[in-house]
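Let me begin by presenting the structure, written as structure tokens, before commenting on it.
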Amino acid sequence: MYGPGLTITSMASLNKVLTLIALLVAVAAQDLPSNYQYYTEEGVKSGLEWTNGAFLLNKKGFRIFSGAVHYFRVHPDYWRDRLKKVRAAGLTTVETYVPWNLHEKTKDSFDFGDGQSEMSPFLDIVRFVKMAKEEDLFVIVRPGPYICSEWDYGGLPSWLQRDPSMRVRTSYPGYLERVDKFFGMLLPLLTDLQFTKNGSIIAWQVENEYGHYQEDVDRAYMEHLRDKMIELGVTETLFTSDTPTMRGDIGSVEGAIQSANFKYGAAEEFAKLQELQPGVPNLAMEFWTGWFDHWGEPWHNTHDPEDMAAELSVILSDEWYGNVNFYMFHGGTSFGFLNGANVLPIFPHYLADVSSYDYDAVLTEAGDYTRKYTIIREMILPNLPPIYTPEPPEQKSKVAYRGAVLTEYVNLDNLVRNVPGELQFAGMKLPLAMEDLPMNNDSGQSFGYILYRTTAEFGSGSNLTIVGHVRDLAVLRIDGKLLSKPWTSDWQIGSFGFWGAANRSFTFEDVEYGFHVIDILVENMGRNNFGVLSDFNQKKGLPEGPVLLDDNEIPEWEVIPFEFNSEWVESLTQYQPITGNVDGPAVLRGSMILSLSEEVADTFIDMSSWTESRGIVFVNGFNLGRYSSIGPCKTLYVPAPLLKQGENKFHVFELYHALNDLAFSDIPNLGPVKEPESTTQESMTTETESTETTETEIELLDYPGF
């Protein structure tokens, strides 16, 4: 017996009936219109509008159920896979930022997928938007010019700082001139892809989280952006995004819907939105599904799926009838040097983001499903109109390949010999930032490392002092010998070579008196991407003062930029065989052979055995990003399209102490998981009140990755 009166025979009959019902449901689902068919079946007459607290699309009831996927953080061969997974979750829309600093990396040189850099294939935004329509998704575009996004300088080009009067994100004429030129190149590519022109774009964002600029808010700037977008052909709905309970409407602009960004407190944010704009639909433009990680943190930040579900239930409730964009739905990777950073009012004052943008999002960094995906699908599907929702596609396979052996290396002196003579700047005086170097069509150096080299007379007991702060991490060598210790603990951040304190000195020991070559190699770890105007003074290298030897200024330096462009890395010469341990700074080279019978699949390079190390890894000329023994992240994601059958070449640039092999894994190691956080807005508020939290600390509570 299987229940009252239920025999094995009747159970079998019931199973047949249930199977038949399931088949009928499947057939009926196939007969349902697609997302696009449902909203366009009688022709397109209007775009996204609203009435009585609800959106309409082409005069039909519409709720924004969207997921954030950044085309520039996902290998383009995987765009379709990620978009299919967005749609299969029940979402009808995909949202993306646009990174100005990739599309105009050097001044007046624009790249929308037709450039020559290793990132060019990632930049074909037109292809991405069209592909979204092919996958039955509408699109929300957030074109900046500032995007935050844990992206270097919030997406702003670093060369803007070459103007000594520059005031980014304001109506400063020099800034608006460059914004207008960028928008003039970007927006005409996309305006014909708007919904009312039979495309997929249903909405655009004006700037980003501008209310957090606080006392620096410039209303004329926001009005200029709105007007320029309209002038260039934007006709769909405009919106802004902020945290209204903290910033009210100071980041808004007339003619644009205000939306909210949050992890907890949906009811409070929506109530504030209704106070500010009665009758306008409630929109969570960033409903944070997780959080990002900084180098030096002891954990990988996570967000409990059940907590997310509880807050999502508030958003979807009849009371608030909310619209939602899941940020992030799929985080992807900040490849190369493109990670952002945060500046803080308290020690350590600066924290750089890791290259993985896994974010503990709905899909993992490698696009795999999570518990959050299942929850979202179950909660969104009942709220959809009668449209067809596809089944989730299969996950991509992962392989832990055998190790790659590193057999050759190029030391720093030979790396200098590989730099073209016109990029070796002699007789330079400090301070001097990488952004101010006379190179790249007056755009300076945006990313990588910068070497300051000089010859001076000194010996044991002499002191070398860097006036001001290092931006961000300096490695010291004397006559080719590495003197700096690897970054392995927090206490080092306030010492010589680190960003945490100004005017730090190094005392030489065991150095015979005489003339010696001093090398200071500085890593740009990533520019701040969030804050007020003063937080965007983000020059890198040694931009604040001279370098003193026994309190006397060293008058002249040779300055050499290391941008580590793919073509340069691939063309390096003067390798030496590895016969023992290699101390950095140095580039190591090796390879791994995949036979014709082996699957080319996603994998992870596992750097956990490199315990006194920091650097970057290239595979077949592509910069995967940074690794660091300080953690928390220990792996680098390698999408399968970067590999091939046959020989795969690896280059590793190591600052401190290298090993001679690379290990692979079929699972990521993003670090230990943080202890569960407070799960209710009430408990957060109670704690805030009981400790008399300052406004600055409230900001940090709102951004718990700090």
Side-chain angles (χ1 to χ4, degrees), residues 35 39 48-57 60-68 86 89-95 137-140 142 202-205 208-209 211 237-249 251-252 256-290 303 305-329 361-362 372-373 375-385 387 389 679-682 684 702:
N35 183 34
Y39 285 103
L48 187 68
E49 305 169 305
W50 67 91
T51 181
N52 298 323
F55 283 116
L56 301 173
L57 184 63
K60 287 188 173 183
F62 180 74
R63 292 177 80 174
I64 295 175
F65 297 135
S66 174
V86 172
L91 306 187
T92 58
T93 307
V94 65
E95 172 269 310
L137 288 165
F138 302 121
V139 178
I140 295 173
R142 303 210 274 174
I202 61 171
W204 304 77
Q205 182 170 297
N208 186 60
E209 297 177 317
T237 293
L238 300 177
F239 64 91
T240 60
S241 68
D242 262 305
T243 306
T245 57
M246 296 175 64
R247 297 292 168 233
D249 63 356
S252 65
I257 297 172
Q258 296 174 61
S259 65
N261 300 345
F262 56 86
K263 179 184 287 187
Y264 296 109
E268 291 80 0
E269 298 298 341
F270 285 168
K272 187 65 176 180
L273 283 177
Q274 286 306 304
E275 176 187 324
L276 296 170
Q277 47 181 22
V280 176
N282 293 315
L283 171 58
M285 181 40 58
E286 291 187 16
F287 177 45
W288 299 327
T289 62
H303 180 38
E306 305 309 321
D307 286 358
M308 184 204 72
E311 207 63 39
L312 180 57
S313 68
V314 177
I315 294 172
L316 299 178
S317 68
D318 291 341
E319 179 181 4
W320 298 110
Y321 200 69
N323 301 266
V324 61
N325 177 51
F326 295 94
Y327 189 99
M328 293 294 298
F329 189 86
V362 183
K372 292 174 185 176
Y373 188 96
I375 289 172
I376 288 171
R377 195 172 196 271
E378 291 174 350
M379 296 182 70
I380 292 295
L381 288 181
N383 290 280
L384 293 176
I387 60 175
T389 299
T679 58
T680 66
Q681 184 69 20
E682 181 180 0
M684 291 174 68
D702 191 49

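- In this structure Thr51 satisfies the side chain to side chain contact (heavy atoms under 4.5 Å, CB included) test together with Leu56, sequence neighbours excluded.
- Under the salt bridge (Lys or Arg N to Asp or Glu O under 4.0 Å) criterion, Glu269 pairs with no residue at all, not counting sequence neighbours.
- Sorted pairs that involve residues 317-327 and meet salt bridge (Lys or Arg N to Asp or Glu O under 4.0 Å), not counting sequence neighbours, are lacking altogether.
- Rounding to the nearest 0.5 Å places CG of Leu238 at 8.5 Å from CD1 of Ile257.
- In this structure, Thr92 has no side-chain hydrogen bond (donor to acceptor under 3.5 Å, both in side chains) partners at least two apart in sequence or on a different chain.
- Lys372 contributes a side-chain N or O that, together with a main-chain N or O of Thr289, makes up a donor-acceptor pair within less than 3.5 Å.
- Using a 4.5 Å cut-off on side-chain heavy atoms (C-beta onward), Leu137 and Val86 make contact.
- Counting heavy atoms from C-beta on, the side chains of Trp204 and Ile140 never come closer than 4.5 Å.
- Taking both residues in full, the closest heavy atoms of Ser241 and Asn208 are given as OG-OD1, 3.5 Å, listed atom of the first, atom of the second, then distance.
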side-chain hydrogen bond (donor to acceptor under 3.5 Å, both in side chains) between Thr240 and Gln205, intermediate numbers included:
CA-CA 6 Å; Thr240 60; Gln205 182 170 297; over 6 Å; no
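- Considering all non-hydrogen atoms of both residues, Pro244 and Ala260 come closest at CD-CB, 3.7 Å.
- Judged as a side chain to side chain contact (heavy atoms under 4.5 Å, CB included), and not counting sequence neighbours, the contacts of Ala54 are Tyr321.
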Stepwise side-chain hydrogen bond (donor to acceptor under 3.5 Å, both in side chains) test for Asn325 and Glu286:
CA-CA 6 Å; Asn325 177 51; Glu286 291 187 16; over 6 Å; no
Would you check, one step at a time, whether the test side-chain contact (heavy atoms from CB on, under 4.5 Å) holds for Ile376 with Met308?
CA-CA 9 Å; Ile376 288 171; Met308 184 204 72; 3.8 Å; yes
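- Counting only residues at least two apart or on different chains, the salt bridge (Lys or Arg N to Asp or Glu O under 4.0 Å) pairs with a member in residues 272-284 are Lys272-Glu275.
- Rounded to the nearest 0.5 angstrom, Phe62 CZ and Asn35 CG are separated by 6.5 Å.
- Heavy atoms only, all atoms of each residue included: Ala203 and Phe239 are closest at CB-CE2, 3.9 Å.
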Walk me through whether His303 and Tyr264 qualify under side-chain contact (heavy atoms from CB on, under 4.5 Å).
CA-CA 11 Å; His303 180 38; Tyr264 296 109; 3.3 Å; yes
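- Using a cut-off of 4.0 Å between Lys/Arg side-chain N and Asp/Glu carboxylate O, Glu95 and Arg142 are scored as salt-bridged.
- By the side chain to side chain contact (heavy atoms under 4.5 Å, CB included) test, Asn323 is found to be paired with Phe55, Arg63, Ile64, Pro281, Leu283, residues two or more places apart in sequence or in another chain being considered.
- Phe287 places none of its side-chain heavy atoms less than 4.5 Å from the side chain of Asn261.
- Checked against side-chain hydrogen bond (donor to acceptor under 3.5 Å, both in side chains), Asn282 has the following partners two or more places apart in sequence or in another chain: Gln274.
- Partners of Leu381 according to the side chain to side chain contact (heavy atoms under 4.5 Å, CB included) rule, which considers only residues two or more places apart in sequence or in another chain, are Arg377, Leu384, Thr389.
- Taking each heavy atom of Val314 and Ala266 in turn, the nearest pair found is CG1-CB, 3.9 Å.
- For Tyr327, the ring-ring contact (aromatic ring centres under 6.0 Å, His included) criterion is met by His70, Tyr359, not counting sequence neighbours.
- Going from atom OG of Ser66 over to atom CZ of Phe138 covers 11.5 Å, rounded to the nearest 0.5 Å.
- In summary, the side chains of Gln258 and Asp242 do not present any donor paired with an acceptor at a separation below 3.5 Å, with no hydrogens or angles considered.
- By the 4.5 Å heavy-atom criterion applied to side chains, Leu91 and Phe326 are counted as neighbours.
- Legend: residues meeting salt bridge (Lys or Arg N to Asp or Glu O under 4.0 Å) with Glu306, ordered by chain and number and at least two apart, are Arg371.
- The shortest side-chain heavy-atom distance between Ile202 and Val139 does not fall under the 4.5 Å cut-off.
- Residue Asp249 holds its CG atom at 10.5 Å from CG of Leu273, rounded to the nearest 0.5 Å.
- The minimum heavy-atom distance linking Ile315 with Phe270 is given by the pair CA-CE1, 4.0 Å.
- Applying the side-chain hydrogen bond (donor to acceptor under 3.5 Å, both in side chains) criterion to Gln277, with sequence neighbours excluded, gives no partner residue.
- Scanning all heavy atoms of the two residues, the minimum distance from Met328 to Ala68 falls at CE-O, 3.4 Å.
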